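Here is the naming used below: chain letters follow the sequence lines, and residue numbers restart at 1 for every chain. This is a predicted model, so every value here is computed, not measured.
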There are 2 protein chains.
Amino acid sequence: MAIKLFIVDDHFMVIEGIHSLLQNENDIEWMGHAGNAASCLAFLHQQKPDVILMDVNLPDKSGIDLCKEVKERYPGIFIVGLSTYNQQSFIEKMMSNGASGYVIKNATQQELMEAIHTVVKGKQFLSFDAAVALRKPDTGHGMPVITRREKEVLELIADGMTNNEIAGKLFISSTTVDTHRKNLLTKFEAKNTASLIRIAAQLKII
Amino acid sequence: MAIKLFIVDDHFMVIEGIHSLLQNENDIEWMGHAGNAASCLAFLHQQKPDVILMDVNLPDKSGIDLCKEVKERYPGIFIVGLSTYNQQSFIEKMMSNGASGYVIKNATQQELMEAIHTVVKGKQFLSFDAAVALRKPDTGHGMPVITRREKEVLELIADGMTNNEIAGKLFISSTTVDTHRKNLLTKFEAKNTASLIRIAAQLKII
DNA sequence: CGGCTTATCCCTTAAAAACAGGATATTTTT
DNA sequence: AAAAATATCCTGTTTTTAAGGGATAAGCCG
């Protein structure tokens, strides 16, 4: 029986690329694609693929969150993370949110096929680059784990808002904002706001 | 005569996607692809395409630098920037380094074809998303002209140093550092240090 | 030369942020 | 159900920054 495959990626060219790579594979049934998390969930409401190739970065929500959501609702579907970067932290998060595999976008056709065939059997698959990224000891400059609220505050700080303005916007006390700020500085090992924003910008968090 | 096309992108799937999109176009001659800047330059040593689709992010050097280099050596080749993100700073830099067009990776086949046909005539082409990104934040996305000293100070601020530390490092008074800081805030139209660093980071100045 | 830019220096004051302690309630995970 | 993480709030003190005002010397360019 052919493996039913669905793709979530907001880049038309990537979808086209994967489609092209797989069109001659007899045991893959191309079910279609979604450009964002919402239409992916809408599709899954109607139909159930065996494997989803899921981009880590989506316009409406992160693939990491979507992965968790899909796995909770449809544990039978296997998910392969797909990313431009072999960021260790992304890989780790995807896998711990229920993904069965992870493939970098410069993977070869062979790797992609191997990934699909491996995860559909319930096993895990990491593409070569992803496995290398995971193995190398954390260089310390890994992305800190920050909470949703902390990220919100971080973005508002980067927008140049003061603690009081942020407090007003989020309907919380300014002392709370200050605490989040304190925690952000600790987590990013930043000395002050300036270095915090720089580090966050370099990690593409803002 | 068919338009000779070459692609520089480190993502196999994107190359495959573009190849697939263009394989039925009779007036496009697919010359091949390079996965990094070095092999692109090596290829150009041998052959001369009419148009190059060039990813902004390459493993060995930025597409922005490569664009400049290629245009200096081969002014007759037209370059279309290619990127995952519609970052206005990227678009601006590519265009000012000699690119004739800019296309986001989620562009449609129509947009891509239009881009190639437009630039080969010597005209400019911006994909819809890129044009929107360029026009939207009209309020100060042009890169400010800063002096050497100001850039020095900016970098030290981003490193998390205080005015006094910077003063000590540069052998100047801390009030001077403060003045530079003041001027930076004015030039970047930033409200405070946080937004200053964010803007500078996004413009790749730090 | 004369005007312009740059780099340097100084003052004041109010606001903001950093820092150092703490506490409590709600989720989430185990 | 217990433990851990998260989000919320508090009271202080000290340091830093923002933003306003000005001033002088050196170098560059037409």
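The side chain of K182(B) lies closest to dA19(D), out of dA7(D), dC9(D), dA19(D). Nearest nucleotide to the T179(B) side chain, out of dA18(C), dC10(D), dC10(C): dC10(C). Among the nucleotides dT29(C), dC10(C), dA18(C), the one closest to the side chain of D178(A) is dA18(C).
Contact annotation: H180(B) does not reach the phosphate of dA7(C) (side-chain N/O to OP1 or OP2, under 4.0 Å). Using a 4.0 Å cut-off, some side-chain N or O of T193(B) falls inside it from OP1 or OP2 of dA18(D). Contact annotation: S173(B) reaches the phosphate of dC10(C) (side-chain N/O to OP1 or OP2, under 4.0 Å). OP1 or OP2 of dC11(C) has not a single side-chain nitrogen or oxygen of T175(B) nearer than 4.0 Å. An OP1 or OP2 oxygen of dT8(D) is reached within less than 4.0 angstrom by a side-chain nitrogen or oxygen of R149(A).
The separation between I166(B) atom CD1 and dT16(D) atom P is 12 Å, rounded to whole Å. Rounded to whole angstrom, the span from the CG atom of L184(B) across to the P atom of dT8(C) amounts to 13 Å. Rounded to whole Å, the distance from CZ on R148(A) to C1' on dT28(C) is 11 Å. Counting to the nearest Å, the P atom of dA18(D) and the CG atom of N163(B) are 8 Å from each other. The CD1-P distance, from I197(A) to dA16(C), rounds to 17 Å in whole Å. dT8(D) atom C1' lies 17 Å from atom CZ of R181(A), rounded to whole Å. Counting to the nearest Å, the P atom of dA7(D) and the CG atom of N183(A) are 9 Å from each other. In this structure, L170(A) places its CG atom 18 Å from P of dT6(D), rounding to the nearest Å.
Using modelled atom types, one finds no donor on one side chain facing an acceptor on the other under 3.5 Å when comparing Q124(A) with S100(A). With no hydrogens or angles considered, no side-chain donor-acceptor pair links D178(A) and T175(A) at under 3.5 Å.
Residue-to-nucleotide proximity on DNA chain C shows that, of S174(B) and N192(B), the 5′-proximal contact is made by S174(B). Heavy-atom nearest nucleotides on DNA chain D were determined for N164(B) and for A190(B), and the one closer to the 5' end corresponds to N164(B). Comparing K187(A) and I172(A) by the nucleotide of DNA chain D that holds the closest heavy atom to each, the one mapping nearer the 5' end is K187(A).
For residues 38-63 of chain A, the pairs satisfying ring pair (Phe, Tyr, Trp, His ring centres under 6.0 Å) are F6(A)-F43(A), with sequence neighbours left out.
At a threshold of 4.0 angstrom between heavy atoms, the contacts of K68(A) are confined to the sugar-phosphate backbone, with no base atom among them. Using a 4.0 Å heavy-atom distance criterion, T176(A) is classed as a base contact.
A donor-acceptor pair under 3.5 Å is absent between the side-chain atoms of D159(A) and the main chain of M161(A), judged by distance alone. Checking side-chain atoms of H19(B) against main-chain N and O of I15(B) turns up no donor-acceptor pair under 3.5 Å.
Of the charged side-chain nitrogens involved, at least one lies within less than 4.0 Å of a carboxylate oxygen, so that E69(B) and K61(B) count as a salt-bridged pair.
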